[in-house]
Each structure stands twice: as structure tokens, then as C-alpha cells.
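Shown next, in C-alpha cells, is the structure this report addresses.
The first residue of the sequence shown is numbered 1, and numbering continues consecutively from there.
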Amino acid sequence: MSFSSLVQDLSLRDPSAPRRRGEASVSTVDDRASHVSMAKSYTSTAATSVSIAGDIGSQLHAGYCHPLARSWQAERQLTKSMLIYPLFISDQDDEEVLVPSLPNQYRRGINKLVPFLEPLVHKGLRSVVLFGVPMRPGTKDALGTAADDPEGPVIRGIRLLRQRFPHLYIVVDVCLCEYTSHGHCGILRDDGSLNNQLSVDRISDVAVAYARAGAHCVAPSDMNDGRIRAIKLKLIEEGIVHNVTLMSYAAKFSGCLYGPFRDAAGSVPSFGDRRCYQLPPGGRGLARRAIVRDINEGADIIMVKPAGQYLDIIADAKELGKDLPIAAYQVSGEFAMIHAAAKAGVFDLKAMAFESTEGILRAGATIIISYFVPDFLDWLST
């Protein structure tokens with residue numbers, strides 16, 4: 001018999017029903033109330049006894065009935081120091097252009113960086129990741145020669161930020177896709193396929209140039225085989241391996257979620273796609289192999305990208321690289337989808353930003369790259 005049925009059976013018997021000889025023929029209201037009270041007391045005691053007779057650990061509500069107690073249930077708390085904010089730096093020094101497909105995000109020239117970043121640094125911004133965007137006609141070519149141009153937007157940006165914000169940790173994305181005329185992440189063969197050897201040699205040179213300019217961390221996103229080892233060896237040869245972190249985009253999947261980023265960075269391939277060097281969405285085993293490979297080649301941080309659709313890969317990365325920081329990039333398409341759904345009234349933007357990010361942390365990430373960083377700097381302060 002259920003709790004409610006038991007209460008009803010004991011307390012709601014018809015008081016006007018015929019009584020046995022010698023019983024009172026009328027029940028008062030007080031009697032009825034008394035019966036109800038006794039029934040509830042009995043059934044409450046019975047329910048408690050059943051619970052205690054089982055596993056006392058089944059009583060969980062007390063552990064999260066208060067907001068502070070709920071926060072204690074998380075293995076990792078979202079903090080400002082976990083956050084890295086992506087910046088698109090144009091070679092048009094005074095440019096400040098909204099990216100239509102990426103809500104509230106801009107492509108900025110070098111002269112616009114400091115005014116934009118000053119209030120964010122004051123609010124607690126600790127790290128940024130730089131993406132160069134060459135806009136001048138004739139800058140791009142088949143070899144991506146502008147990637148490490150000393151007068152290009154990335155190297156100038158590194159030097160400026162090191163000077164103006166000495167405590168800001170500067171990560172630099174290392175890839176050729178923004179600088180190649182074909183939009184692919186390396187140097188191509190005559191048949192249009194990727195020449196892995198030439199690409200790795202070129203990309204490792206670019207990484208060293210960024211490190212020499214003052215980048216705290218270089219982060220190759222090209223997914224060419226062997227580029228982590230090549231970069232590590234060149235950093236050793238340069239004598240700067242001891243103070244340059246190497247963050248590997250170890251598990252970077254191909255898919256539909258990079259569209260807004262490619263609009264911002266001008267890195268849409270002019271032909272074909274990147275499926276032959278970025279991981280297939282179903283390739284969990286490939287991702288695990290790539291993670292192990294990059295750990296063995298000397299990566300200091302392992303990254304998974306995108307984040308929300310690949311929480312299992314983040315968990316795998318944490319398992320395989322249990323002694324390394326794990327980064328996750330909530331990419332442009334994820335960010336745009338959350339904004340679009342919030343605008344449509346599906347959910348509250350702030351609530352979903354936190355929920356999605358906390359899920360990434362729960363999966364195992366300790367570093368979050370996100371376009372929500374300016375919002376989180378405000379939200380985490382209040």
C-alpha cells in the first residue's frame with residue numbers, strides 16, 4: 001500500500017457509517033483531525049523505517065539543498081584562471097569589424113587591442129589566444145609565407161601585449177590556413193593533397209618565430225603528423241624550450257562547427273575540405289591514438305576541439321594524460337548555437353553558458369577556450 005493510500009485508508013473512513021453496538025454513532029471534527037494526525041505520524045514513521053532499513057546513503061538532498069553546498073559537489077569549479085579568450089587580429093591596424101555569424105565578437109587591428117583588453121584585464125582576464133587575419137591584397141600565397149612575418153599582425157600583437165599587459169598569458173595558434181591562398185592547413189602537393197613533411201617543417205618554423213617574439217605558449221592546430229615533435233626539437237635547438245609551453249590540438253575533429261570562425265579568420269578552404277587531416281567525428285580510437293602520440297612527442301597541454309559534442313574524448317584525454325592539463329575549445333559554432341537558441345527563447349543565455357561549460361569541466365577539462373570569456377568575467381565576479 002502506498003503512503004497516500006495508507007493515509008486515506010486510516011483517516012478518511014466515513015464517520016457516519018453504522019457502528020457496532022456500544023460505539024458512538026457520531027464522530028466529531030476533532031476526532032477526525034486526530035485520526036488524520038495519527039495516520040500521518042504512523043505512515044511517516046513507517047516510511048522512515050523503510051528508508052533506514054535500506055541504504056542510509058540513499059538520502060542525498062541534504063548534500064545540495066543550499067547553493068553553497070551545491071557548488072561543493074563539483075569536482076572542478078569554474079574560475080577566471082581557467083579561461084582563455086580568442087582574439088582575431090587583423091593586419092588593418094584600425095579595423096574593428098563585427099563578425100556577423102559570431103555574436104558580439106570582432107576582428108580588430110593592432111590599434112584597437114589595448115582599449116578593448118584593458119577593462120577585461122582589470123576584471124581578471126588571465127589569458128588570450130591569438131589568431132592572425134591577413135586582409136591586405138596579395139598577402140596570402142601557397143606557402144603561407146606571411147604567417148611569421150615580423151610585421152604581421154600576430155608577432156606585432158605578441159610584442160604589444162607583452163609590453164602593455166605583462167601579466168597576461170599569451171597563447172598563439174600556429175597554423176597556415178589563414179595565410180595560404182588555398183585555405184588549407186599546410187603546404188600542398190601538385191595533386192592538392194597535403195604534403196605532411198613540408199607542412200611540419202614550415203609550421204615548426206612559425207611556432208619558433210612566435211616563441212622568439214614572446215609568446216608564452218604555442219598551439220599548433222594543423223593536425224599534421226609529427227608536428228609536436230618537430231616543434232619541441234626546434235625549441236630545444238633555440239634554447240627556449242624551458243619557457244615556452246607547447247599546447248597540442250591533439251584531438252581536433254572535422255565537422256560543421258567551425259563556420260563562424262572561418263568567417264572571422266578568412267580561412268575557408270578554396271576547394272575540398274579538411275577531412276583527411278582533421279579527425280572524423282566517430283573516430284574515438286583515432287583521437288586516443290593522436291592524444292597518446294602527442295603526449296609522447298612532448299606536448300605540455302592536450303586540447304580537444306570542439307568541446308560539447310566530444311565530452312567522451314575530453315574524458316579520454318584526462319585518462320590518457322592524467323598528469324597533464326587538458327584544454328577544451330568551445331568553438332564558434334557551439335557558441336553561435338547557444339546564442340541562437342537563447343534568442344529564440346529556448347533557454348536563458350547565462351544559465352546555458354554555465355551549464356555547457358560545467359559539463360566540459362566535469363568531463364575532465366582544466367582549461368576552457370571560449371568566446372563567453374568576457375561574460376564569465378562579469379558573471380564570476382557577481
Side-chain angles (χ1 to χ4, degrees), residues 60-86 102-105 120 123-129 169 171 219 247 249-253 255-258 260-261 281 284 287 291 301-382:
L60 301 180
H61 289 173
Y64 56 97
C65 63
H66 188 278
L68 182 58
R70 284 194 289 277
S71 73
W72 291 339
Q73 299 300 327
E75 292 184 12
R76 297 176 186 86
Q77 297 287 338
L78 180 62
T79 64
K80 294 179 182 180
S81 63
M82 292 177 172
L83 300 170
I84 301 177
Y85 184 46
L102 199 54
N104 305 325
Q105 306 303 306
L120 298 182
K123 292 176 183 178
L125 178 66
R126 300 289 301 278
S127 182
V128 294
V129 55
Y169 189 85
V171 182
M247 179 191 293
Y249 287 68
K252 179 180 178 181
F253 289 83
C256 304
L257 291 170
Y258 304 126
F261 173 91
R284 184 177 184 181
I291 290 166
I301 300 171
I302 293 297
M303 187 201 296
V304 177
K305 176 185 180 182
Q309 280 80 351
Y310 297 93
L311 297 179
D312 58 327
I313 309 301
I314 296 173
D316 285 346
K318 190 59 182 174
E319 172 205 339
L320 297 169
K322 59 181 180 295
D323 298 322
L324 277 71
I326 304 300
Y329 196 151
Q330 187 180 58
V331 300
S332 59
E334 296 176 85
F335 176 77
M337 286 195 300
I338 292 172
H339 264 273
K343 186 176 181 179
V346 175
F347 44 61
D348 176 73
L349 180 68
K350 176 181 176 181
M352 190 59 193
F354 271 102
E355 184 176 335
S356 63
T357 305
E358 286 165 357
I360 295 165
L361 292 178
R362 187 187 65 247
T366 53
I367 300 168
I368 304 291
I369 303 173
S370 172
Y371 301 94
F372 278 115
V373 168
D375 299 306
F376 278 132
L377 295 176
D378 289 327
W379 294 335
L380 291 172
S381 295
T382 57

Closest non-hydrogen atoms of Lys318 and Leu324, given as atom of the first, atom of the second and distance, are NZ-O, 3.6 Å
Interatomic distance, CG@Leu380 vs OG@Ser81, rounded to 0.5 Å, equals 10.0 Å
When rounded to the nearest 0.5 Å, the distance separating CD1 of Ile368 from CD of Glu358 is 10.0 Å
Residue pairs passing the ring pair (Phe, Tyr, Trp, His ring centres under 6.0 Å) test with at least one member in residues 311-332, sequence neighbours excluded, are none
Worksheet item: Does Gly308 offer a backbone N or O that forms a donor-acceptor pair with the side chain of Glu334 under 3.5 Å?
Response: yes
Decide yes or no on side-chain contact (heavy atoms from CB on, under 4.5 Å) for Tyr258 and Lys252, but give the supporting numbers first. CA-CA 11 Å; Tyr258 304 126; Lys252 179 180 178 181; 3.8 Å; yes
dist Asn104:CG -> Asp375:CG (nearest 0.5 Å) comes out at 7.0 Å
Between Leu361 and Gln77 the two heavy atoms that sit nearest each other are CD1-C, 4.2 Å
Identify each donor-acceptor pair in which a side-chain atom of residues 349-356 lies under 3.5 Å from a protein atom, sequence neighbours left out, and give them as a table.
| from | atom 1 | to | atom 2 | distance (Å) |
| --- | --- | --- | --- | --- |
| Ser356 | OG | Gln330 | NE2 | 3.1 |
| Ser356 | OG | Met352 | O | 3.0 |
| Ser356 | OG | Ala353 | O | 3.1 |

| Would you find a donor on one side and an acceptor on the other, under 3.5 Å apart, between the side chain of Glu319 and the backbone of Ala317? | no
Using a 4.5 Å cut-off on heavy atoms from C-beta on, say whether the side chain of Ile313 contacts that of Ile291.
yes
Output for pair (Leu125 CG, Leu83 CG), nearest 0.5 Å, gives 8.5 Å
Residues Val171 and Ile84: closest non-hydrogen pair is CG2-CD1, 4.2 Å
Compare all side-chain heavy atoms of Ile369 with those of Met303 and state whether any distance is below 4.5 angstrom. yes
When every non-hydrogen atom of Gly364 is compared with those of Ile326, the smallest separation belongs to O-CB, 3.8 Å
One should read off an interatomic distance between Ile360 CD1 and Ile367 CD1, to the nearest 0.5 angstrom, of 13.0 Å
Looking only at heavy atoms, the pair that brings Tyr371 and Tyr85 closest together is O-CE1, 3.9 Å
Count the heavy atoms belonging to other residues, nucleotides or ligands that lie under 6.0 Å from CD of Gln73, then report whether that count exceeds 12. yes
* Do the non-hydrogen side-chain atoms of Phe335 and Gln105 ever get within less than 4.5 Å of each other? -> yes
Interatomic distance, CZ@Phe372 vs CD1@Ile338, rounded to 0.5 Å, equals 4.5 Å
Closest non-hydrogen contact found for Met82 with Thr366 is CG-O, 3.5 Å
